[in-house]
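One structure below.
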Amino acid sequence: MTRSLKTLRWALFGGYVLVGAVALMAATPAGLAALGLGQVDVSFLPATILGLPWSLPLFLFDDGAAARLATLGICYGLNVGVGLMLARGDS
C-alpha cells in the first residue's frame, strides 16, 4: 500500500510539472509555435490557475504581459518546490 501511494504521489507530481510547462508555453508566442498553435491563442489563464495560490494578485492587478509572465514563472517554480517536498514525503 505504501509503495502504491509513493508511486501515485510521483505520478501526480510529474503530471503537474508537465501540465505546468505546457501552460507556460501557452503564454508565449514561441511556446505556442513549438506546440503547433497560432500566435493568436496566447493565454495566461492556464498558467495563472496552475500558479495558485501565489498568482491570486494577478486576478486583481495588471502590470503588463512581461511582468505577468515573470510572475507566473515564479509562481510555478514555488509550486514545483512545494510539490517536490510533498512527493518526497517520507523518503
Side-chain angles (χ1 to χ4, degrees):
M1 181 70 175
T2 303
R3 184 171 173 87
S4 62
L5 287 176
K6 187 181 286 190
T7 305
L8 178 66
R9 284 189 305 208
W10 281 106
L12 289 173
F13 175 70
Y16 177 78
V17 169
L18 183 65
V19 169
V22 171
L24 282 176
M25 288 176 69
T28 63
L32 285 173
L35 292 172
L37 301 171
Q39 292 182 0
V40 186
D41 299 326
V42 171
S43 174
F44 291 109
L45 186 61
T48 305
I49 291 171
L50 286 173
L52 289 171
W54 317 109
S55 62
L56 281 174
L58 295 178
F59 287 112
L60 303 174
F61 305 111
D62 186 21
D63 291 335
R68 182 173 288 243
L69 183 61
T71 305
L72 288 173
I74 292 169
C75 295
Y76 175 67
L78 287 170
N79 280 346
V80 166
V82 170
L84 181 61
M85 288 190 320
L86 291 174
R88 289 185 69 183
D90 294 332
S91 301

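Cluster annotation: L56 is not connected to L69 through the hydrophobic network of ILVMFWY side chains, with a link wherever side-chain heavy atoms come within less than 4.5 Å.
Shown here is F59, whose CZ atom has more than 12 heavy atoms of other residues, nucleotides or ligands within 6.0 Å.
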Listed pairs under 3.5 Å, donor-acceptor, residues 20-38 side chains, sequence neighbours left out:
residue: T28; atom: OG1; partner: M25; partner atom: O; Å: 3.3
residue: T28; atom: OG1; partner: G31; partner atom: N; Å: 3.0

For residues 70-87, please give each side-chain donor-acceptor pair under 3.5 Å, one per line with the distance, not counting sequence neighbours.
residue: T71; atom: OG1; partner: A67; partner atom: O; Å: 2.7
residue: Y76; atom: OH; partner: V17; partner atom: O; Å: 2.7
residue: N79; atom: OD1; partner: W54; partner atom: NE1; Å: 2.7
residue: N79; atom: ND2; partner: Y16; partner atom: OH; Å: 3.3
residue: N79; atom: ND2; partner: L50; partner atom: O; Å: 3.0
residue: N79; atom: ND2; partner: L52; partner atom: O; Å: 3.0

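Listed here is the closest heavy atom pair of F61 and R68: O-NH2, 3.4 Å. The shortest non-hydrogen separation linking R88 to R9 is O-NH2, 4.4 Å.
Put simply, CG on L58 and CD1 on I49 are 12.0 Å apart, with the number rounded to the nearest 0.5 Å.
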